[in-house]
Amino acid sequence: MDLQGDLVKDPHKAYRHLRDAAPVQRIAGPTGEPAWLVTRYDDVRSALADPRLSLDKSNAADGAYRGLSLPPALDANLLNMDPPDHTRIRRLVSRAFTPRRVDALRAPIRRTADRLLDALGAEGRADLIAAYAAPLPIAVICDLLGIPDDHRKDFRAWTNELIAPDPSRPQTAKQAVGAMLAFFTELIVHKRQHPADDLLSDLIAVRDGDGDRLSEDELTSLAFLVLVAGYENTVQLIGNAVHALLSRPEHLARLRTDPSKLPEAVEELARHEGPVLLAIRRFATEDVTIGDVTVLAGETVLLSPAAANRDPARFSHPEQLDFDRDASGHLALGHGIHYCLGAPLARVEAEIALVVLLERFSSLALAEAEPRWRPSLRARGLLELPVEYKAARLRE
């Protein structure tokens, strides 16, 4: 199978073929090394929670696909850890994403969404990725971490280079990693001297205190992960959701008529066009049977939540967007101990982003017929979302 070609060009079509013909398929990974790709719902869900599939790169066999190569100061993060280290670090940061703390962010998120749409004016044409879907979550996650406003545009460029690197410019991803490492190193020094009411200051206090302490690399890596994961997935979730609605006027009209359906709609939109094509790679710590295939110890396993979420064995008529279906159990935000830590925040951001957009614009339509998807094996997202809009009312 041409992974680089078929899965980038039309991932859902490729996954449909694999689910039918080869649900556990030997492939060449994103950088050419071998891996197993798993696409059926039951297999993916089970594997996501299987402790024999490790995130620790030390369990990878020689020559197996190992994922992104990061410096040690960024590599000591939750996406490369198993218990007990994973349990310890997740416990330290999970308090930032409790339902109570997330609920307290609703008003600030709403104010940011309003401010971004105010900047568009009463009518015209805009790219909703650049003007709305990207700056909203970056503002939220940067406020959470305590990152100054003047650095926020840099993160959009840096994360783009990490998630969808340009093959013709192989050095840009390394340069982005270096820039992020330098930034966080300097920011941590500043926060130590000038602590504030933010997550990064709290993590530094943990690092420098007693009890379950973080190492310096774990501290820097955790800040890096919270920023990239908390921003990147939410950008795509919001952008993909808006595109799906504008492509289906009847669904858009229904949400305008009954906004109370938005929480269920967000779940179905995440199932149908979620941002995660491939979950973080895993390494078998012993021989593991997945479907009809035995994965040998040390081999790499790539699990596709996007493929699983359109498996007709789990969701009837999965290619259809259906706000009346029970979408619970979808895997867009993971499953098991590595379930997305920021899932409650991502849901709230997507819900508020959609409701503010629908309230603000009485007329909202795609300005171009064919979307331009970002060429990435890891994340499903739009390069841009050109729309034409007209405000329902002017804000005072």
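Just so we're clear, the structure is a prediction, and the values are computed from it rather than from any experiment. Along the sequence shown, residues carry numbers from 1.
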Flag if over 12 foreign heavy atoms under 6.0 Å of [atom1], [X]:
X	atom1	value
Arg100	CZ	no
Asp324	CG	yes
Lys57	NZ	yes
His194	NE2	yes

Interatomic distance, [X] atom [atom1] to [Y] atom [atom2] [nearest 0.5 angstrom]:
X	Y	atom1	atom2	value
Leu269	Asn240	CG	CG	9.0 Å
Leu78	Arg90	CG	CZ	7.0 Å
Asp50	Thr285	CG	OG1	8.0 Å
Ser304	Arg310	OG	CZ	10.5 Å
Leu219	Ile89	CG	CD1	10.0 Å

Problem set entry | Full working for salt bridge (charged side-chain N to carboxylate O under 4.0 Å, His left out) between Arg192 and Glu216 | CA-CA 12 Å; Arg192 274 201 172 97; Glu216 194 69 13; 2.8 Å; yes

For this session: Please determine if Asp118 and Arg115 form a salt bridge, counting it only when a charged side-chain N lies under 4.0 Å from a carboxylate O.
Result: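 Looking at Arg115 together with Asp118, the answer is no, because their closest N to O distance does not fall below 4.0 Å.
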
For this session: For the pair Lys261 and Glu267, find out whether any cationic side-chain nitrogen is under 4.0 Å from an anionic carboxylate oxygen.
Result: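 No.
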
Any donor-acceptor pair under 3.5 Å from [X] side chain to [Y] backbone:
X	Y	result
Arg40	Leu18	no
Arg26	Pro34	no
Thr39	Pro23	yes
Arg325	His317	yes
Ser247	His243	yes
Thr300	Ala64	no
Asp82	Leu55	yes
Asn59	Phe283	no
Thr87	Pro83	no
Arg45	Tyr41	no

Mind checking whether [X] and [Y] have side chains closer than 4.5 Å, heavy atoms only?
X	Y	result
Pro71	Leu74	yes
Val228	Trp158	no
Glu268	Asp322	yes
Leu37	Tyr15	yes
Asp292	Val24	no
Leu225	Val93	no
Leu128	Val242	yes
Glu351	Ile238	no

Under 4.5 Å between side-chain heavy atoms, hopping through other hydrophobics if needed: is there a path connecting [X] to [Y]?
X	Y	result
Leu383	Tyr132	no
Ile129	Leu120	yes
Leu237	Leu345	no
Val288	Ile27	no
Leu117	Leu252	yes

For this session: Decide whether a cation-pi geometry holds between Arg271 and Phe315; the criteria are a distance under 6.0 Å from NZ or CZ to the six-membered ring centre and an angle within 45° of the ring axis.
Result: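 Judged by the rule (NZ or CZ under 6.0 Å from the ring centre, within 45° of its axis), Arg271 counts as positioned above Phe315.
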
Can a donor-acceptor pair be found between the side chains of [X] and [Y] at a distance below 3.5 Å?
X	Y	value
Ser58	Asp56	yes
Asn80	Arg281	yes
Ser201	Asp198	yes
Glu273	His12	yes
Thr294	Asp287	no
Trp36	Gln25	no

Heavy-atom pair with the smallest gap, counting every atom of [X] and [Y]:
X	Y	answer
Ser363	Arg256	N-NH2, 4.4 Å
Gly334	Tyr339	O-CD1, 3.3 Å
Ala270	Asn309	O-ND2, 4.3 Å
Ala307	Arg19	O-NH1, 2.9 Å
Val355	Leu262	CB-CD1, 3.5 Å
Leu187	Pro148	CD1-CD, 4.2 Å

Problem set entry | Ser215 and Asp217: CA distance, side-chain angles, deciding distance, side-chain hydrogen bond (donor to acceptor under 3.5 Å, both in side chains) verdict | CA-CA 5 Å; Ser215 70; Asp217 282 352; 5.7 Å; no

Exercise. So, for His330 and His272, is the gap between ring centers shorter than 6.0 Å?
Worked result: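 Here the rings of His272 and His330 have centres that are no less than 6.0 Å from each other.
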
Exercise. For Phe323, which residues count as a ring pair (Phe, Tyr, Trp, His ring centres under 6.0 Å) partner, sequence neighbours excluded?
Worked result: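 Only His251 meet the ring pair (Phe, Tyr, Trp, His ring centres under 6.0 Å) criterion with Phe323.
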
For this session: Kindly determine whether Asp114 and Arg111 satisfy salt bridge (charged side-chain N to carboxylate O under 4.0 Å, His left out), including the steps that lead there.
Result: CA-CA 5 Å; Asp114 278 327; Arg111 287 194 295 271; over 6 Å; no

For this session: Kindly determine whether Glu349 and Arg110 satisfy salt bridge (charged side-chain N to carboxylate O under 4.0 Å, His left out), including the steps that lead there.
Result: CA-CA 9 Å; Glu349 289 184 68; Arg110 172 74 194 228; over 6 Å; no

For this session: Just do the salt bridge (charged side-chain N to carboxylate O under 4.0 Å, His left out) check on Arg16 and Glu319 with the steps written out, would you?
Result: CA-CA 10 Å; Arg16 195 160 54 241; Glu319 304 296 328; 3.6 Å; yes

Exercise. Out of Val44, Val276, Leu331, which one pairs with Leu303 under the side-chain contact (heavy atoms from CB on, under 4.5 Å) rule?
Worked result: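 For Leu303, the side-chain contact (heavy atoms from CB on, under 4.5 Å) check succeeds only for Val44.
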
